[in-house]
Novice: 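Supplied in structure tokens, the structure appears directly below.
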Amino acid sequence: MASAPASLRSLGSLSFSLLLLFLWMPVSARPANHSVLKEKGGEGRDEKELVPPDHLNGVKMELDGHLNKEFHQEVFLGKQLEDFEEDSQPRRNRRKLVGIFSKVDVNNDKKISAKEMQRWIMEKTDEHFQEAVEENKMHFRAVDPDGDGHVSWDEYKIKFLASKGFNEKEIAEKIKNNEELKIDEETQEVLDNLKDRWYQADNPPPDLLLSEQEFLSFLHPEHSRGMLHFMVQEIVRDLDQDGDKKLTLSEFISLPVGTVENQQAQDIDDDWVRDRRKEFQEVIDANRDGIVTMEELEEYMDPMNEHNALNEARQMIAVADENQNHHLELEEILKYSEYFTGSKLMDYARNVHEEF
């Protein structure tokens, strides 16, 4: 895949050790626990920089196999996603949404077509890619202490263990002298899994030294076709129960089985299974044969796949297309604002004409 941001069309966390264990180990927790795990992360900026994120903006599935619940909002709002999350004023958010509608409606016919939405989705996805590239530059500098433009596995391991509370100088000295490191079993397992990913990101000839671009692939596999393939392999490995390297519907929806403690938890499980079943049958299983191959899953996971963007555009339109004209009018987007932005706007109809 190309390394320059301008060529993103060809481009094929965690910080929190608890999340990372969920990423690399078979998953058995209910979906209700997923967001909770995210909230438990954030033990410090340094650690956050050092570990691949579970949540990749603009990608439909998390690295642990969960569906990305924020995907529609990410590819519709782009960088403005945080603005809608932080701003509690419906009128201001309504005006922002009116502005976005105007930008998506390229031909100014007061409605959004699937092609216009597809173009917008690709633009916002590219925006997420570029943001990841910029963040990676900062993260790379944090783990490249000698500034030679390459990070060795040992350099990374020292920084990672320091972020976990180990004495950096002692660890560095022991690694230099090939002495045994006294590391707890969980941390060692995380390191082993990270090293596998490190090997995958290390382009030929393999030297265990990552350049800035290779480090980007390490942190953000969606930027590399090879790493995207590796990511899909890991997801299939975690979900595939019979070892045939394919996914059936039952395998895809059986991931979060857990103890249901009350009716609310049961409802969460039921909603989660329904969403996964629909995504499997209507989107991921491209040939509708009841089996998802790694090739199908890789196409589904590729954030810069134009065909996927068009399908997504059609799905997004279908959600709010009340008059069934296969387009979106401003009134429809405002009415279904919670789907597109995460914010529920009140009195949308009363204000739409005065603001647009």
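Heavy-atom basis, side chains included; hydrogens, waters and symmetry copies ignored. The residues of the chain are indexed from 1 along the displayed sequence.
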Novice: Hey, are Glu173 and Asn177 close enough side-chain-wise for a donor-acceptor pair under 3.5 Å?
Specialist: yes

Novice: Is Asn305 close to Glu299 at the side-chain level, that is, under 4.5 Å between some pair of heavy atoms?
Specialist: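 A side-chain contact under 4.5 Å exists here.
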
Novice: Salt bridge or not between Arg225 and Asp302? Use side-chain N to carboxylate O under 4.0 Å.
Specialist: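 Answer for the salt bridge query: yes.
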
Novice: Report yes or no: do Phe71 and Leu310 belong to one cluster of Ile/Leu/Val/Met/Phe/Trp/Tyr joined by side chain heavy-atom distances under 4.5 Å?
Specialist: no

Novice: Any chance the side chains of Asn57 and His55 put a donor and an acceptor closer than 3.5 Å?
Specialist: yes

Novice: Distance-only, no hydrogens or angles: does the Glu296 side chain make a donor-acceptor pair with backbone N or O of Ala286 under 3.5 Å?
Specialist: yes

Novice: With distance as the sole criterion, is a donor-acceptor pair present between the side chains of Asp285 and Gln281 under 3.5 Å?
Specialist: no

Novice: Measure the CG-CD distance between Leu228 and Glu222 for me, rounded to the nearest 0.5 Å.
Specialist: 8.5 Å

Novice: In terms of side-chain geometry, is the basic nitrogen of Glu127 or Lys124 positioned less than 4.0 Å from the acidic oxygen of its partner?
Specialist: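 Yes, Glu127 and Lys124 are salt-bridged.
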
Novice: With sequence neighbours left out, write down each residue that passes side-chain contact (heavy atoms from CB on, under 4.5 Å) with Glu170, or none if nothing qualifies.
Specialist: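 Scan of Glu170 (side-chain contact (heavy atoms from CB on, under 4.5 Å), adjacent residues dropped) gives Asn167.
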
Novice: Say whether Val106 and Leu328 are linked into one hydrophobic cluster, either directly or through other cluster members, by side-chain heavy-atom distances under 4.5 angstrom.
Specialist: no

Novice: For Ala162, give me all partners under side-chain contact (heavy atoms from CB on, under 4.5 Å), at least two apart in sequence or on another chain.
Specialist: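 For Ala162 the side-chain contact (heavy atoms from CB on, under 4.5 Å) partners, ignoring immediate neighbours, are Glu168.
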
Novice: Sub-3.5 Å donor-acceptor pair from the side chain of His327 to the main-chain atoms of Asn325, do we have one?
Specialist: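 Yes, the answer is positive, given that a donor and an acceptor are paired below the 3.5 Å cut-off.
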
Novice: Output, in order, the C-alpha distance, side-chain angles, deciding distance and verdict of side chain to side chain donor-acceptor pair (under 3.5 Å) for Asn193 and Glu189.
Specialist: CA-CA 6 Å; Asn193 288 321; Glu189 186 169 0; 4.6 Å; no

Novice: Counting only heavy atoms not in Glu185 (residues, nucleotides, ligands), do more than 12 fall under 6.0 Å from its CD?
Specialist: no

Novice: Establish, from distance only, whether the side-chain atoms of Thr187 and Asp184 form a donor-acceptor pair under 3.5 Å.
Specialist: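 Present: a donor and an acceptor within the cut-off.
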
Novice: With the threshold set at 4.0 Å, does a side-chain nitrogen-carboxylate oxygen contact exist between Glu134 and Lys137?
Specialist: yes

Novice: Are the side chain of Asp105 and the backbone of Asp109 linked by a donor-acceptor contact shorter than 3.5 Å?
Specialist: yes

Novice: Before you tell me yes or no, could you show the steps for Lys115 and Gln118 under side chain to side chain contact (heavy atoms under 4.5 Å, CB included), namely the whole-Å CA-CA distance, both residues' side-chain angles and the distance that decides it to 0.1 Å?
Specialist: CA-CA 5 Å; Lys115 281 291 185 181; Gln118 178 198 31; 3.5 Å; yes

Novice: Quick one: does Leu208's side chain get under 4.5 Å of Ser152's, heavy atoms only?
Specialist: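 No - every pair of side-chain heavy atoms lies 4.5 Å or more apart.
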
Novice: Any carboxylate oxygen within less than 4.0 angstrom of a Lys/Arg side-chain nitrogen, looking at Lys246 and Asp244?
Specialist: no

Novice: Any salt bridge (charged side-chain N to carboxylate O under 4.0 Å, His left out) pairs touching residues 199-214, not counting sequence neighbours?
Specialist: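 Qualifying pairs: none.
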
Novice: Roughly how far, to the nearest 0.5 Å, is the CG atom of Asp196 from the CG atom of Asp192?
Specialist: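 If we round to the nearest 0.5 Å, Asp192:CG and Asp196:CG are 7.5 Å apart.
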
Novice: With sequence neighbours excluded, tell me which residues meet ring pair (Phe, Tyr, Trp, His ring centres under 6.0 Å) with Phe340.
Specialist: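 For Phe340 the ring pair (Phe, Tyr, Trp, His ring centres under 6.0 Å) partners, ignoring immediate neighbours, are Phe76.
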
Novice: Answer yes or no: is there an ion pair linking Lys278 with Asp275, defined by an N-O contact shorter than 4.0 Å?
Specialist: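 A salt bridge is absent here (no side-chain N lies under 4.0 Å from a carboxylate O).
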
Novice: Is the backbone N or O of His326 less than 3.5 Å from a side-chain atom of Asp321, with the two atoms forming a donor-acceptor pair by type?
Specialist: yes

Novice: Could you walk me through whether Leu210 and Asn203 pass the side chain to side chain contact (heavy atoms under 4.5 Å, CB included) test, one step at a time?
Specialist: CA-CA 8 Å; Leu210 297 193; Asn203 291 328; over 6 Å; no

Novice: Please work out which of the three classes, parallel, tilted or perpendicular, describes the rings of Phe280 and Phe252, given edges at 30° and 60°.
Specialist: tilted

Novice: Between Leu77 and Thr341, is there a side-chain heavy-atom distance shorter than 4.5 Å?
Specialist: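 Yes - at least one pair of side-chain heavy atoms lies under 4.5 Å apart.
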
Novice: Does Arg288 use its side chain to pair, donor to acceptor, with the backbone of Glu282 at less than 3.5 Å?
Specialist: yes

Novice: I need the full list of salt bridge (charged side-chain N to carboxylate O under 4.0 Å, His left out) pairs touching residues 307-320, with sequence neighbours left out, sorted by first then second residue.
Specialist: Lys60-Glu312

Novice: Would you call Lys335-Glu332 a salt bridge at under 4.0 Å N-O?
Specialist: no

Novice: Evaluate the side-chain proximity of Leu334 to Arg94: yes if any heavy-atom separation is below 4.5 Å, no if none is.
Specialist: yes

Novice: Let me confirm one number: the CE-NE2 distance from Met304 to His223, rounded to the nearest 0.5 Å.
Specialist: 9.5 Å

Novice: Can you check whether Glu251's main-chain N or O pairs, donor with acceptor, with Ser254's side chain at less than 3.5 Å?
Specialist: yes

Novice: Taking Met316's backbone N and O only, do any of them form a donor-acceptor pair with His72's side chain (distance below 3.5 Å, no angle check)?
Specialist: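 Looks like no, no N/O pair under 3.5 Å.
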
Novice: Within the 4.5 Å heavy-atom criterion, are Leu247 and Thr293 side-chain neighbours or not?
Specialist: no

Novice: Does any part of the side chain of Tyr300, heavy atoms only, come nearer than 4.5 Å to the side chain of Val232, both counted from C-beta?
Specialist: no

Novice: Verify the distance criterion only: is there a donor paired with an acceptor across the side chains of Glu322 and Tyr336 at less than 3.5 Å?
Specialist: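 Note: Glu322 and Tyr336 side chains meet the donor-acceptor criterion.
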
Novice: For Phe215 and His139, I'd like to know if the aromatic rings sit close, meaning centre-to-centre distance below 6.0 Å.
Specialist: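 No, too far apart.
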
Novice: With sequence neighbours left out, which residue pairs that include part of residues 140-155 fulfil the salt bridge (charged side-chain N to carboxylate O under 4.0 Å, His left out) condition?
Specialist: none

Novice: Look only at the side chain of Ser163 and the backbone of Phe160, and say whether a donor-acceptor pair between them is shorter than 3.5 Å.
Specialist: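 It does hold such a pair.
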
Novice: Evaluate the ring planes of Trp198 and Tyr156, with Trp represented by its six-membered ring, and classify them as parallel (under 30°), tilted (30 to 60°) or perpendicular (over 60°).
Specialist: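 Ring orientation of Trp198 relative to Tyr156: tilted.
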
Novice: Take Asn68 and Glu74 through the test side chain to side chain donor-acceptor pair (under 3.5 Å) and record every step on the way to the result.
Specialist: CA-CA 10 Å; Asn68 177 4; Glu74 290 170 359; 3.0 Å; yes

Novice: Do Leu181 and Leu194 share a hydrophobic cluster, counting only Ile, Leu, Val, Met, Phe, Trp and Tyr and linking them when any side-chain heavy atoms are less than 4.5 Å apart?
Specialist: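 Shared cluster, yes.
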
Novice: In Å and rounded to the nearest 0.5 Å, what is the CD1 to NE2 distance from Ile235 to His66?
Specialist: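 Taking CD1 in Ile235 and NE2 in His66, the distance rounds to 11.0 Å.
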
Novice: Is a side-chain donor or acceptor of Asn136 paired with a backbone partner of Ala132 at a separation under 3.5 angstrom?
Specialist: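 The answer is no, because no donor-acceptor pair under 3.5 Å joins these two groups.
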
Novice: Within the 4.5 Å heavy-atom criterion, are Leu330 and Lys110 side-chain neighbours or not?
Specialist: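 Sidechains of Lys110 and Leu330: no contact.
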
Novice: Working to the nearest 0.5 Å, report the span between NZ of Lys182 and NZ of Lys174.
Specialist: 6.0 Å

Novice: Heavy-atom distance under 4.5 Å between the side chains of Ile333 and Ile112, does that happen here?
Specialist: yes

Novice: Would you give the length of the straight line joining atom CD of Glu234 to atom NE2 of His229, rounded to the nearest 0.5 angstrom?
Specialist: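 Glu234 CD to His229 NE2: 10.5 Å, rounded to 0.5 Å.
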
